[in-house]
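Working notes, structure below.
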Amino acid sequence: MYLARKKRHKSGVCFKVILLSFSALISVSGIAQEHWQGAPTPELDQMYRVGEQYLKDSNYAAAVKTFKDLTALAPGVMLITKELGKSYYHAGDYKNAVAVLEPLTKDKGCNDEVFQLASAALSHEGKNKKAYKIIEEGLVRFPESGLLYHEKGLIFASDGQQEEALIAWLSGIKVAPRFQPNYRDAALAYLASEDATWGLLYGEMYLATRPETSDDDLLKQRLYAGWRQYFEHQVNLNREGETLFETQFRRSYQALTPVMTDGISTENLVMIKTRFLLNWQATQHHDFPFALFSWQEELIKNGWFDIYVEWLYGKAESKQ
């Protein structure tokens, strides 16, 4: 198991998890003038836009060249220097990424992405001790950065410290509930453990708060397998340190196990999850309000829940 109960749920159900509609991040349009001493010229602004488009198109070599040219034409502009470091990082040139980004972490005007990129580049170079140091410095400056907690978890995971990685992702969820990647990695960590409960919950929360991408297929497969694992091995287990929320969650599904007598399928998941939600909202919602369940109940009322479950698990059950 990744994490002892008492540690794990310190940041589990102790805080109110709010299910948020996805809000697309707005990309930079032109160079923000506050990063300049005076307004940028139209030519420099256009070069910056071109460099940003190269990054979006994953043309990292061209992005590096564009931002290198820009730093020569406009030296000392943090935004441009950061984008050069980011371009080096995505191009796999971690040595140059560190050389560009690490000095920026000392500048009071930098943002949390600078610390994240510098730390990630150091980790890719095998310098995790220094990467941890950069992350901790960043968290002192940006204590509510979900991005930095996510990177901290990734570094711990790369060191094989899965328990510490999960703690980092849960901390990120607590301080920055809008930052979705922490939900995904926390879900995958739980689903790989002996207790799938929070993996199932965090996984569905993650998928419900962002646009679908092909990268989500792995998580959907793990969630589908997680339900099988839950009903075959965990729904009847009363674990030491189990919270009252977890107990009620488990007992609610335990009463519905006859639906699963012929095994896990998307059709059976529609039936059992529908019955669970209606029962939970009627008997447990007052004591344990949970935004994911309320949102899913609305899908049931509007006749969309079967489509939602099919979207979540249909492909995992059968690619056809």
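None of the values given here were measured: they were computed from a predicted structure. Every heavy atom of this structure was used, including side-chain atoms; hydrogens, water molecules and symmetry mates were not. All residue numbers in this chain count up from 1 along the given sequence.
- Side chain of Glu246 to backbone of Thr243: a donor-acceptor contact under 3.5 angstrom is found.
- Using a distance-only test at 3.5 Å, with no hydrogens or angles considered, a donor-acceptor pair links the side chain of Asn182 to the main chain of Gly146.
- A salt bridge does not link Arg49 with Glu52: none of the charged nitrogens is closer than 4.0 Å to a carboxylate oxygen.
- With Asn128 contributing its side chain and Ala131 its backbone, the two residues share no donor-acceptor pair below 3.5 Å.
- In terms of modelled atom types and a separation under 3.5 Å, the side chain of Glu317 and the main chain of Thr266 share a donor-acceptor contact.
- In summary, Glu136 and Arg141 do not engage in a salt bridge, as defined by a charged side-chain N under 4.0 Å from a carboxylate O.
- Atom CZ of Arg228 is surrounded by more than 12 heavy atoms from other residues, nucleotides or ligands within 6.0 Å.
- The pair Glu125-Lys95 fails the salt-bridge criterion, with no side-chain N (NZ, NE, NH1 or NH2) lying under 4.0 Å from an Asp/Glu carboxylate O.
- Here the CH2-CG distance, from Trp280 to Asp287, works out to 9.0 Å after rounding to the nearest 0.5 Å.
- Glu164 and Lys152 are not joined by a salt bridge, as no carboxylate oxygen comes within less than 4.0 angstrom of a charged side-chain nitrogen.
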query = What do the steps show when you test Tyr149 against Ser171 for side-chain contact (heavy atoms from CB on, under 4.5 Å), and what is the final call?
reply = CA-CA 7 Å; Tyr149 276 110; Ser171 298; 3.6 Å; yes

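- For Asp159 (side chain) and Gln161 (main-chain N/O), no donor-acceptor pair under 3.5 Å exists by modelled atom type.
- Using a 4.0 Å cut-off between charged nitrogen and carboxylate oxygen, Glu204 and Lys273 count as a salt-bridge pair.
- Using bins of under 30°, 30° to 60° and over 60° for the plane-to-plane angle, the ring pair Phe245/Phe249 lands in the parallel bin.
- Relative ring orientation between Tyr190 and Tyr202 is described as parallel, the plane-to-plane angle staying below 30° on a 0-90° scale split at 30° and 60°.
- A salt bridge links Lys86 and Glu83; the closest N-O separation between the charged side-chain nitrogens and carboxylate oxygens is under 4.0 Å.
- Remark: the backbone N or O of Ile155 is paired with a side-chain donor or acceptor of Ser158 at under 3.5 angstrom.
- Between Lys315 and Glu310 there is no salt bridge, since no side-chain N of the basic residue sits under 4.0 Å from a carboxylate O of the acidic one.
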